[in-house]
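Comments concern the structure below.
Treat the numbers as computed from the prediction; the structure is a model and nothing was measured.
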Amino acid sequence: MKNVFMTAMLLSLTIISCSDKKDTDPVPVAESNTMLEEPKPVDSAAVAAKTAPASPETEGKALVEGADCLSCHKVDSKLVGPAYQDVAEKYTDADIDHLAQKVIDGGKGVWGEIPMTPHAGLSKDNAQKMVKYILSLKK
């Protein structure tokens, strides 16, 4: 009986101690005073540039820089293959599909006897973006 009494006493003390704690201090919350600072103006052009989808030329440049293209080509001078500016001078937008397929299939003879390696894993869409970037480099 003594154990039952002690258990009941402990239970009631636990309930009392966990009940409404009116005398305790609340956890302080940091206040922000937004009235002290002027709101900063929003540059809508910068926001649009960050959220707008990239142009095919911008995407094409990123694809060229991420692939092995720059090991054989430079923008403004011949390396192993022709300079991109020379390619841009020779071709027009009407040649995009043809050139994209040449990037995928590889080839030789147009710019010399050193073959361009094929890029068979490249999608037609990405190859077209790369070509659009190259054609955008007209002098």
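- Thr58 pairs by the side chain to side chain donor-acceptor pair (under 3.5 Å) definition with Ser55, not counting sequence neighbours.
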Per-pair distances, 0.1 Å, donor-acceptor, side chain in residues 87-96, under 3.5 Å, sequence neighbours excluded:
residue	atom	partner	partner atom	Å
Glu89	OE2	Lys139	N	2.9
Thr92	OG1	Ala94	N	3.2
Asp95	OD2	Thr92	N	3.0

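- The nearest pair of heavy atoms linking Ala54 to Glu59 is O-OE2, 3.1 Å.
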- [ ] Could you give me the CA-CA distance, side-chain angles and deciding distance for Gln128 and Leu99, then say whether side-chain contact (heavy atoms from CB on, under 4.5 Å) is met?
- [x] CA-CA 8 Å; Gln128 289 171 333; Leu99 293 173; over 6 Å; no
Donor-acceptor pairs are to be reported for all side-chain atoms of residues 100-108 against protein atoms at under 3.5 Å, with residues two or more places apart or in another chain.
residue	atom	partner	partner atom	Å
Gln101	OE1	Lys124	NZ	3.1
Gln101	NE2	Asp105	OD1	3.1
Gln101	NE2	Asp105	OD2	3.2

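- For the atom pair CD1 (Ile134) and OH (Tyr84), the distance works out to 4.5 Å, reported to the nearest 0.5 Å.
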Table please: side-chain donor-acceptor pairs of residues 62-82 below 3.5 Å, with sequence neighbours left out.
residue	atom	partner	partner atom	Å
Asp68	OD1	His119	NE2	2.9
Ser71	OG	Asp68	O	2.6
His73	ND1	Pro82	O	2.8
Lys78	NZ	Val80	O	3.0

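- Placement of Leu137 and Val110 within a single hydrophobic cluster is found when ILVMFWY residues are connected by side-chain heavy-atom separations under 4.5 Å, directly or transitively.
- Applying the salt bridge (Lys or Arg N to Asp or Glu O under 4.0 Å) criterion to Asp125, with sequence neighbours excluded, gives Lys129.
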